[in-house]
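What you see is a predicted model, and the numbers here were worked out from it, not measured in a lab.
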Amino acid sequence: MSLVVSAGGHPFYLQAGKGFSISKPKGYKICPRAAVVEATPRVNGSPSSTSIQVLATDRAEELKAEARALARAADASVYSPQLLAKKYGSRPVKAVKRTLEILVALGTFALKLFLDQKNGTLDQNKRKRAAELRTIFTRLGPTFIKLGQGLSTRPDLCPPEYLEELAQLQDALPTFPNADAFSCIETELGMPLESIFSSISPTPIAAASLGQVYKARLKYSGKTVAVKVQRPGIEEAIGLDFYLIRGLGFFINKYVDIITTDAVALIDEFASRVYQELNYVQEGQNARKFKMLYADKEDILVPDIFWNYTSGKVLTMEWVDGVKLNEQAAIERQGLKLLDLVTTGIQCSLRQLLEYGYFHADPHPGNLLATPEGKLAFLDFGMMSETPEEARFAIIGHVVHMVNRDYEAMARDYYALDFLSADVDVSPIVPALRDFFDDALSYTVSELNFKTLVDGLGSVLYQYPFNVPPYYALILRSLTVLEGLALYADPNFKVLAASYPYFAKRLLTDPNPYLRDALIELLFKDGRFRYEQ
């Protein structure tokens, strides 16, 4: 018999034997409060009721603090196309002014594309135009920076050159005044700044499109924390932009035949995610869930949230000392190996995609830190996504079909993956898959460069009526980013080879009937054992 007690999001198991004993999850360090429980004398071989009560009290206090944070964020905005239309439809001057600003920037770009097509230089100038679009999005501000980052994960909408350039978009923007930030903290938390922090950095340590971050020390405990404060007026700015962009989506759906995806639905889905980022309590809950699912591994670190100092526009979380994953020299000076950290990231990404289906949707080097202890720390949980359960098994099956060069089965997989509607004929897609993969798989799959695979598959997706679900595009981007970082350290690194242990373990140990069939399909063909791949 066993009893599970949770503390700080981690399960402790009370096992029946000669009395009860408490065991902790692998890699979990007991905090001082929890250590009291471990050291509590036993009564007749069992822990006293006081030890259980301490754990329950801690969890109850955390839940109360989280509830208070939720109450502070009760008026957080949710994306509503109808409310935006009502709000900005009655403010034509403001809408027209911003429309002209956007049209001048994007119209000039469109004119260049038209001239390129007329002069026969469209392909020749593709890389140059992609770089220009990245600059335009940066100049147009936060909404378009986020839009460009979103497009960088959509191989069904953008050619490879544009995917690469837009993936380089950074959130870096000028900081806003400290007075505005500190006023926001006091208003949101209902306390004077000096009663919350004993010290706070005189300038932000980082600034992004939606907010900026300070380093501070909590007055009550002395703990060092990161305090993220939302940019003033950001909700107004993105609201107007999404109202206008949505109008453009209707125009695209009606007149632009080359784009087969429902532009309005795509815009609505993306806008909903950006609005979720504006609710910092939601981000805190995302971090807590991510920590519960993935920080059970001792090489993964997810910072704790301080709910008493968190609201819709202020997020206070544990400070993490570390080096960005793209700073190889600094990582090696700590005696760490970049490839070890990247492999950890790949295994965690695969668990996110295929095990629990809940994953970090904004993977870039700035959100991944190497700690001095050699852990991989995840930051920024504003944008998360989920993989449907049926899709998780379909992805593993898709990999098996790719390894077996079964292109007809690969094409049929796109139904299960929700890439294609059931009425689309996949037979014309099979030759395109065969042409690409027969060349790409001239090496073994483990030797295949993942970026080459994504770019080639992206070209196929771009040519046919695919609608790539956001979860799939985002996880491809995550693995591509990790492989790109690893290639700096080792030009021969292959993300697919690093992924093999995970896929092998799932196929060999998972009792799911679909994966059982996939294993048989991998090992046998026409009743004969496949002895060579």
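The closest side-chain donor-acceptor pair between Asp413 and His398 falls under 3.5 angstrom. Under 3.5 Å, the side chains of Glu235 and Ser77 contain a donor-acceptor pair of N or O atoms.
Closest approach of Val213 to Ala226, counting heavy atoms only: CG1-CB, 4.1 Å. For the residue pair Gly249 and Ile267, the shortest heavy atom distance occurs at CA-CD1, 3.8 Å. For the pair Pro303 and Leu379, the tightest heavy-atom approach, listed with the atom from each and the gap, is CG-CD2, 4.1 Å. Residues Leu84 and Gly239 come closest through the heavy atom pair CD1-O, 3.7 Å. The two residues Ile185 and Val314 have their closest heavy-atom pair at CA-CG2, 3.9 Å. Residues Ala181 and Val229 approach most closely at O-CG1, 3.7 Å, considering heavy atoms.
Because its NZ or CZ atom is both nearer than 6.0 Å to the ring centre of Tyr280 and within 45° of the ring axis, Lys228 counts as a cation-pi partner of that residue. With a 6.0 Å cutoff to the six-membered ring centre and a 45° limit on the axis angle, Lys289 counts as a cation-pi contact of Tyr358.
Side-chain N or O atoms of Asn253 include one that pairs as donor or acceptor with a backbone N or O of Ala263 at under 3.5 Å. For Ser90 (side chain) and Lys87 (main-chain N/O), a donor-acceptor pair under 3.5 Å exists by modelled atom type. Side-chain atoms of Gln282 do not come within 3.5 Å of backbone N or O of Gln276 as any donor-acceptor pair. Looking at Arg392, its side chain does come within 3.5 Å of a backbone N or O of Glu355 through a donor-acceptor pair. Using a distance-only test at 3.5 Å, with no hydrogens or angles considered, a donor-acceptor pair links the side chain of His360 to the main chain of Asp380. With hydrogens and angles disregarded, no donor-acceptor distance shorter than 3.5 Å links the side chain of Thr310 to the backbone of Val281. Using a distance-only test at 3.5 Å, with no hydrogens or angles considered, no donor-acceptor pair links the side chain of Thr121 to the main chain of Gln117. Between the side chain of Asp406 and the backbone N or O of Ala409 there is at least one donor-acceptor pair closer than 3.5 Å. Under a 3.5 Å cut-off, the side chain of Gln230 and the backbone N or O of Leu210 do not form any donor-acceptor pair.
Here the straight-line distance linking atom CG of Leu111 with atom CG of Leu106 works out to 12.5 Å at 0.5 Å rounding. One distance of note links CE of Met384 with CZ of Phe359; it measures 8.5 Å at 0.5 Å rounding. Rounded to the nearest 0.5 angstrom, Tyr502 OH and Gln347 CD are separated by 9.0 Å. Rounding to the nearest 0.5 Å gives a distance of 10.5 Å between CG of Leu376 and OG1 of Thr343. Arg351 CZ to Leu353 CG: the interatomic distance, rounded to the nearest 0.5 Å, is 12.5 Å. Between the CG atom in Leu368 and the CG atom in Asn326 there is a gap of 9.5 Å [rounded to 0.5 Å].
Between Phe242 and Asp268, every side-chain heavy-atom pair lies at or beyond the 4.5 Å cut-off. In this structure the side chain of Leu140 never reaches within 4.5 angstrom of the side chain of Ile145, judged on heavy atoms. A heavy-atom distance below 4.5 Å is found between the side chains of Leu100 and Val96. Looking at Leu315 and Val227, their side chains never come closer than 4.5 Å, going by heavy atoms from C-beta outward.
Under the salt bridge (charged side-chain N to carboxylate O under 4.0 Å, His left out) criterion, Glu390 pairs with no residue at all, not counting sequence neighbours. In this view, Lys86 satisfies the salt bridge (charged side-chain N to carboxylate O under 4.0 Å, His left out) rule with no residue, not counting sequence neighbours.
Under the salt bridge (charged side-chain N to carboxylate O under 4.0 Å, His left out) criterion, the residue pairs touching residues 416-434 are Glu408-Arg434, with sequence neighbours excluded.
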| CA sep, side-chain torsions, deciding dist, call: Phe182, Tyr214, ring pair (Phe, Tyr, Trp, His ring centres under 6.0 Å) | CA-CA 10 Å; Phe182 297 160; Tyr214 294 85; 5.3 Å; yes

| request: Determine, stepwise, if the pair Met383 / Glu283 fulfils side chain to side chain contact (heavy atoms under 4.5 Å, CB included). | output: CA-CA 8 Å; Met383 292 185 76; Glu283 179 174 348; over 6 Å; no

| field | Intermediate values then yes/no, side chain to side chain contact (heavy atoms under 4.5 Å, CB included), Val274 and Thr143 | value | CA-CA 9 Å; Val274 174; Thr143 309; over 6 Å; no

| field | side chain to side chain contact (heavy atoms under 4.5 Å, CB included) evaluation trace for Arg231 with Asp180 | value | CA-CA 9 Å; Arg231 187 176 292 273; Asp180 292 344; over 6 Å; no

| task | Kindly determine whether Leu325 and Asn367 satisfy side chain to side chain contact (heavy atoms under 4.5 Å, CB included), including the steps that lead there. | result | CA-CA 8 Å; Leu325 218 58; Asn367 289 339; over 6 Å; no

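A salt bridge links Glu269 with Arg273: at least one charged nitrogen is closer than 4.0 Å to a carboxylate oxygen. Between Glu236 and Arg91 there is a salt bridge, since a side-chain N of the basic residue sits under 4.0 Å from a carboxylate O of the acidic one. Ionic pairing of Glu161 and Arg127 is not present here: no N-O contact between side-chain nitrogen and carboxylate oxygen is shorter than 4.0 angstrom. Classification of Arg129 and Glu132 as a salt-bridged pair holds, one side-chain N sitting under 4.0 Å from a carboxylate O. The pair Arg72-Glu188 does not count as a salt bridge, with every side-chain nitrogen at least 4.0 angstrom from each carboxylate oxygen.
Within a 6.0 Å radius of CZ in Phe114, no more than 12 heavy atoms belonging to other residues, nucleotides or ligands are found.
Note on ring orientation: taking the six-membered ring where Trp is involved, the planes of Phe290 and Phe378 are tilted (angle from 30° to 60°).
Side-chain rings of Tyr356 and Tyr294 approach one another, their centers coming within less than 6.0 Å.
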